[in-house]
Number of protein chains: 2
Amino acid sequence: MLKYQQTATEIEAYIEQHTLQQGDKLPVLEQLIRQFAVSKTTMTKSLELLERKGIIFQVRGSGIFVRKTNRKGYIKLFSTQGFKQNLVDHDIASNVLTFELIPCPDEIAQNVGSSPGEMVYYIKRIRYIDGNILCLEESYYRQAIVPYLNREIIEQSIFEYLETALGLNIGFSDMYMHVGKLTASIAGHLKLEAGDPGLTIETVFHLTNGRPFDYSVITYHYEHSQFVVQANGLYL
Amino acid sequence: MLKYQQTATEIEAYIEQHTLQQGDKLPVLEQLIRQFAVSKTTMTKSLELLERKGIIFQVRGSGIFVRKTNRKGYIKLFSTQGFKQNLVDHDIASNVLTFELIPCPDEIAQNVGSSPGEMVYYIKRIRYIDGNILCLEESYYRQAIVPYLNREIIEQSIFEYLETALGLNIGFSDMYMHVGKLTASIAGHLKLEAGDPGLTIETVFHLTNGRPFDYSVITYHYEHSQFVVQANGLYL
DNA sequence: TTGATAAATTGTGCATGTACAATTATAATG
DNA sequence: CATTATAATTGTACATGCACAATTTATCAA
């Protein structure tokens, strides 16, 4: 683990241990540098990381403060990773409906950038949160990049397997969202009625080297899903 | 404008001028440093900024590459700013339904962190995209921070006014999203039917110093809104 | 007490330099 | 020709140092 990541983790722990709340002030930069025995560069990178994660915010001339969202029960969107990480408070389970190795359909090939005839793993599963239906997920993994999957892996966290077992480095993702009325088919899976509202998110995941390896379409159960996003300005 | 921001802008222009596409390689770091006559630190910060904006991605040992989303007609969510910035391709208009200065309602006070009895500007408006109804927006601005607003300002971009005219520095925001069935009242404004799907986003906007100044609730017209988010891993 | 002014505090911008990791290109080997 | 080992390329981590901007605190004048 890199030093600035490690330091960031330690600062998070510090915030926990001291039970700091929204708006509470952390030690000043100089003090943090001494306390964690790192250089200014490293500490700055650590703080920047924490800022991006929505843990703190920094005010020049004033100090470094804790940032927290007050609402509970919201799923943190856009942590790139699956849910597994940011839903430690919740009980996530999966029910695999379909799992097969197929030639990549044309519509999918466009999104995942695969060549014609290339094989992909197709996975269809229902995901539950605290016993309730959270979403229906259909995903396609390029076998060229993910050579092997099985049901056992799929019932757990796929991404964790990719990173730890396969050593893949997950980089960035493009997400396309829209809201609409559920089709009878999807509604059936979610135990809802056709025409009920649904949030659909299509995502193309890329490795750090830019190669797309996974295209997924998730439709969320509107009664069991709500999301929080902590945005940081992008200074034009 | 800061040097690294300026440099980032110039690199964006470079990408445009050379009509670089998804996956195309930029000059190597050393070359960029010479070409734009800045230090390594500055160039690195510029590239990091562009990476966060989803313009490029970097691969160690390999190079710097252009990143583009292929889909058109999607609204970029989470640029912190209003739409004005990232919707240059679209025609955005507003129709103000209500505009008044009122004592802050209790439910709102919790979100925007105002003291009891504090005055807030309440604004209710319909926003149009390319002639179609995009969303219904209700927002509350603390007068303690935003001392003055008028109809003319409101019909344009409020955030632009806050930054340029008032010199406020907009920092971060917390967004809470959920999907549901529209009430008859909201549906009426959107020219939809009660029970139709709707995406609702509540947002609390903060200044860079952490003070919340705006709470807004936006309900999107499901047929005229679709969003794209370019996420970058957060390396646990 | 109020309000302006100066000074101290504190985070950010920018430059330079060393070391290193991941990738890619090249050379050697069978 | 394929494979392996080696070297060159290229971005990232980390340290140090100087200058500066925004904020807060202290000081002084009225």
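Order of the sequence lines fixes the chain letters, A, B, ..., with proteins taken first and strands second; residue numbering starts at 1 for each chain.
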>> Side chain of A/S62 only, heavy atoms from C-beta on: which candidate in D/dT23, C/dA15, D/dA15 is closest?
In response: D/dT23
> In terms of the nearest nucleotide of DNA chain D, which residue is placed more toward the 5' end: A/A37 or B/T44?
Replying inline: B/T44
>> By the 4.0 Å heavy-atom rule, please label B/T42 as base, sugar-phosphate, or nothing.
In response: sugar-phosphate
> So what does A/I64 touch, heavy atoms closer than 4.0 Å: a base, only the sugar-phosphate, or nothing?
Replying inline: sugar-phosphate
>> Would the base of C/dT18 count as contacting B/K40 through its side chain, where contact means a donor and an acceptor less than 3.5 Å apart?
In response: yes
> How long is the line joining CG of B/L207 and C1' of D/dA22, in whole Å?
Replying inline: 14 Å
>> What is the separation between atom CG on A/L32 and atom P on C/dT10, rounded to the nearest whole Å?
In response: 11 Å
>> In this structure, how many angstroms lie between the C1' atom of C/dA22 and the CG atom of A/L168, rounded?
In response: 15 Å
> Is a donor on one side and an acceptor on the other found under 3.5 Å between the side chain of B/S46 and the backbone of B/Y4?
Replying inline: yes
> DNA chain D: B/G61 or B/N209, which has the more 5' nearest nucleotide?
Replying inline: B/G61
> How long is the line joining CG of B/L2 and P of C/dT12, in whole Å?
Replying inline: 12 Å
>> Rounding to an integer number of Å, can you tell me how far B/E30 CD sits from D/dT12 P?
In response: 13 Å
> What's the CG-C1' distance between B/L29 and C/dT16, to the nearest Å?
Replying inline: 14 Å
